[in-house]
Chemist: 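Before I ask anything, here is the structure I am working with.
Atoms within each ligand, like the ligands themselves, are counted from 1 in listed order. Start at 1 with the first residue, then count along the sequence.
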Amino acid sequence: MSLAKRVFDLQQVELSIQDYIKQFEAMDLRIRHNDQFEQAESSLKAAESERAGLEKRYKELDAEAEALRTQLGQIQDKLYGGKIKNPKELVGYEQEAAMLKSSLDKKDDVLLDMMEKLETDKAAIKKLKDVCKAAGDNWEREKADMKVEMGNVRNELNELEKKRGEMLASIDRDALATYEAVKGRKGQAVVKVEQGRCLGCRVTLSVSEMQHARGNAIVTCGNCGRILYLS
Ligand SMILES: [Zn+2]
């Protein structure tokens, strides 16, 4: 096997390794993050916190209404208790009772609206919880599949790394040094030659370059510097 073929095969193995590493990382990311679930969860949390705020305001307002009711009850007791005979005093209490009643009615209306909103929100939160649960269950299933798949990828990677190690041991140091240097500069170090052209830069090779490339030594393209491989 020519030296160029060996470094070309090494490159193929390294590309496969990179590919599997990317797959592995993508799966790892999908295990750690799930947009659907995270969005559902954040919507649920926002809705719950909004409802908690509304519930708190409802309770405060309800306590205020209750205080008004007590106050109104006390005044009505005075009005209808028969103890107060002074008409002027009675009129004063009547006016006060009317004011309290009006203010109480307003609060009761607001409370009713709030109660309705709380009920609507409760139903919406239940729906969001269902969505969240479904997204979470989906994610769990996906995670389980992913873990199996990651195990497979890990095995493939181990095999390829082993293969790579064997290849590295079988290629001479100078060839490897050239390969690493070109890889560092160009990314893809070894390119095929087709119809007399370097596929790295598409430039037609000279007769002597072609002759050298047919031999066993590592030959680089005079134009782009990549290692030439004639298959
Ligand atoms: Zn070239």
Chemist: One pair to check against side chain to side chain contact (heavy atoms under 4.5 Å, CB included): M210 and L230. What are the steps and the verdict?
Modeler: CA-CA 9 Å; M210 283 298 283; L230 264 89; 4.1 Å; yes
Chemist: Excluding sequence neighbours, so at least two apart, what forms side-chain hydrogen bond (donor to acceptor under 3.5 Å, both in side chains) with K85?
Modeler: none
Chemist: Hey, are the side chains of K101 and L72 touching, using non-hydrogen atoms and a 4.5 Å cut-off?
Modeler: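 Heavy-atom side-chain distance check passes, below 4.5 Å.
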Chemist: Using side-chain heavy atoms (C-beta onward) and a distance below 4.5 Å, is D137 in contact with R141?
Modeler: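 Contact flag for D137/R141 side chains = yes.
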Chemist: Quick one: closest heavy-atom pair of L128 and S43, and the distance?
Modeler: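 Residues L128 and S43, closest heavy atoms: CD1-O, 3.8 Å.
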Chemist: Supply the atom-to-atom distance Y20 OH to N152 CG, rounded to the nearest 0.5 angstrom.
Modeler: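 Answer rounded to 0.5 Å: 9.5 Å.
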Chemist: Below 2.8 Å of the Zn ion (ligand 1), tally up the protein N/O/S atoms for me.
Modeler: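 Counting protein N, O and S atoms closer than 2.8 Å to the Zn ion (ligand 1) gives 4.
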